[in-house]
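Computed from a predicted structure; not experimentally measured. By convention in this document, chain letters (A, B, ...) are assigned in the order of the sequence lines, proteins followed by strands, and residues within each chain are numbered from 1.
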Amino acid sequence: MSEDALRYDAIVIGAGHNGLVSAGYLAKAGKSVVVLDAAELVGGAARTAEISPDYQVSTAAHLVSSFPRRIEKDLKLSKHGLSWATKDMATVALDRDGKHITLSSGRKNDQLTIAAHVTRDGDAWKQFDARMRKYVKLLAPLLEGPMPEMGSEVPAKLANMMALRLEKLGPADLRTFLQLMPSSIAALLDRNFEGDLIKGALSLDATLGHHTGPHTPGTAFSLVYKRALEAMGQGVGYPIGGTGALTEALATSAEAAGVRIRLESPVIQIIIEDGRTRGVQLEDGTVFEAPFVMSSADPKTTCLGLVGARHFEAPVATHLRRIRMNGTTAKVNLALEGLPTFENFTDKEYGGRLLIAPDMGTVERSFTAAKRGELTLEPVMELVIPSYHDPRLAPMGHHVMSIVLPNMPYAVDGGWEAQRDTLMKRVIDTLREYAPDISHKIIAGELLTPPELEDSYGVSGGHWHQGNMSFDQLLAFRPAPGMANYKGSVDGLYLCGAGSHPGGGLSGLPGKFAAETALATEKTK
Amino acid sequence: MTERQGDQTLSGDTIDVSRDSPLNGAGIAPDPAWFEQSVVEPPFACHVLTTPLHLDAASESKTNSWTDWAGYTVADIYTSVEQEYDALRTRAGLSDISPLVKYRVSGRESVPFLDRLLTRTVGALDTDRAARAVLCAGDGNIITQGMLFRLADEEFRLVVRSSHLDWLEQSALGFAVQVEDVSGTIAGLSLAGPSAAKVLTSAGMEKPEALSKGQAVWVQLGGMPVYVSRTGMLGGMEYELWSDPSDASVLWRRLLDVGHRQGVKPVGAAVRDIARLENGVALEGVDYLSTFTALDSADSRTPYDLSLGGLVDLERTVFNGQKALSVIAEKGSARVLVGLELDLADGAPIGSVCTGERRIGQVKSHAWSQSLQCVVALAVIDASALGASDGFSVETGSGARRPVKLAKRPFLRFS
């Protein structure tokens, strides 16, 4: 059986950013690695493609906010073609009357732009931001490595560090932190701010892509966690050539290290023998063998689909089955004839991350609509104009716009086929309120609905982060209780996708930590 | 003014809700059921369940003493403990075991499903054979235990003490297998005692004594198909008869009638409890709790704690509880179940088990054994105290301490 089988030291399933990071680290440690992916191109959800000829855009994920410098250096990505178009994008909360709030790393200016709306909010922002930074520091050690296994002894070093950090917060900040943990972002923002626009923007930030609304308990923590993840990275931005350029650099780097990347090779089964992985089987019957298998597919697909529930103890299978993966994010990409005119926009704003969320009510209503399987009347969105920093994405003078639409139901009433145009119209109507000339500038556009994202990227439920990132599915509970150590409960299986700690976003951290765990574990065997 | 108007509406005719009422537009007559008063049920209504043998048990009962078994009302004592015990241990006793929970497991992947569900493999189990089955949760504690019958190649019947369909369905995820609760479609009778085989012979079964332990066979008793198995937990010669609920009453009557000469008597739950204690069997809900029922995990037990390690096969593919049990097997049990014999003629209530001054455990169940002429008890004690040199004692209700000795289970041995 194994004569004509292909043998490697490790198999990585999925050529997305996490899979490629894993492969890169394994190759660096001297392992022979094969990466298998069903798609025709590398990249997974971080891929650059054409909307129409000559107009290129990051098809799904469009921003890199938490990719660590460490990984970039370790895998020598700049040598393999990675260069950043921008790394310090401002966050702009769009205002219909042109009084936008522009938040960048300059704290003084942030305060002023917020105070221009509601005077008191300026000071409130100063305090809020300072406190957020403290919480981020508090969480940081938890994101810097694998989580300790639940039930086992927490490493004394980590426990001491956390205890020390909590103590250092001081009683007042500790109290507000404990109060924050179960709070909704709405409650937190209402405690701190008065202005609708700032609250709308921050609540969108906290809930973006998580199938939660501002009033959902636990969303305050989501904001802290998001910021903590961003703190692991090098600032919000994107590489030249879109997010696809990042995964291409990862692929080139991996191949240079000897990794074989085999595309159009859909894995249908992870072969288990005597309670251990033996290899994988492709749809066409080809068998690859390796002592261990890393899967960057989502935990449900990996464990229940590729491995099979029978290879897990029933409680583990049940935990896996219960992972909440409600994909509610859609993506709209537009090719534009010229830069749309936003009132009072400067260079910084055009090159920024634009948020359309006029107030928390609008964000909440869009979530409520998604819960009911309806399309919201006023979509909220995060948009960027990637061609502003990277003009090569579009012909001279032309632009592309990339829009993330949260709170879009996976199964919409009436079906997506019938509702596509309605959604497109609502998105453009909303955009017109801020940039009235946009409709005249659209040359082409595409809409990717949650089910289409599921199809294209193989994530069950179409969830970008391979599982909702709420407190009950983070840290030691990610992807499932008792599995936070990347080991997939079956010997030789490692989960290296966004479904693992520390979670989604183009960070590469799950890939890195899983590879390190695998190397350490397999060495001792 | 407004008040009077209000009065008028109130005192006016009741609203006409009939089909022809002008209040109703064409074709939208209200369903009269909407206006019927629903039967109000108290929030914690207790549904008393009866077994198919309830009326027969009632007619045999001289004491009207009943007890609850998994929600079913069953006879506790028919005549007197002494008479029933005497019948069970010297002649034959017939009892109703219908409240046991029965699951039918069928389908192409029944064997791998059961392998993963139970602590040992079932592939080697022959058709018409039964084996003890232990279900463990992920933490290695026992969920429930019972017997697994193989009815056909791909059909099994799992008979356990408590209902865990949810767990079975969770475990069935990913297997081509069907799990059904068939408790209501099968009645169970237990016939135990030295003359049990003779009673069965008189009832029309050929060579019941040829049935080996754990074996089962379909027979016709008076025209009724009955699945007779050589299983049970009372010790000695015992059979369990599984039949259609509608036949159960006739079967019961027939066994009592034909067994009259052998002295067969109905036996209630009280004597069954004494008998299983003499046989050294720990009972779920009494000596330990199912890990799903235990509020304190210290009340639940692993198979090793109950000396059922022989039923656990660790060296094989994954099964529920494997990881936890491997750890426990290496570390050893912390608390174990032991048998105690007391020379205590009055059978006073007993509590803590002590060695020297140290309390090391708790007596879980105890009974006066007429055959052994002593009190037999099951207790859970610290494993570390097992080798204690001071000897063991138990506290009685009055606080006095009586010496006890550890005894091998089963207490009562049959030749």
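- Between chain B and the options A/Ala317, A/Gly275, A/Ala309, heavy-atom pairs under 4.5 Å are most frequent for A/Ala309.
- Remark: B/Arg359 CZ is loosely packed, at most 12 non-hydrogen atoms of other residues, nucleotides or ligands lying under 6.0 Å away.
- Here B/Gln170 contributes atom CD and A/Glu313 contributes atom CD; the two are 13.0 Å apart, rounded to the nearest 0.5 Å.
- The environment of CG in A/Asp274 is sparse: at most 12 heavy-atom neighbours from other residues, nucleotides or ligands sit within 6.0 Å.
- Put simply, the side chain of A/Arg310 never gets that close to the backbone of B/Phe175: no donor and acceptor are under 3.5 Å apart.
- For residues 314-328 of chain B, heavy-atom neighbours of chain A at less than 4.5 Å comprise B/Val318, B/Phe319, B/Asn320, B/Gly321, B/Gln322, B/Lys323, sorted by residue number.
- Identified by a heavy-atom distance below 4.5 Å to chain A, the contributing residues of residues 101-136 of chain B are B/Glu109, B/Pro112, B/Arg116, in residue-number order.
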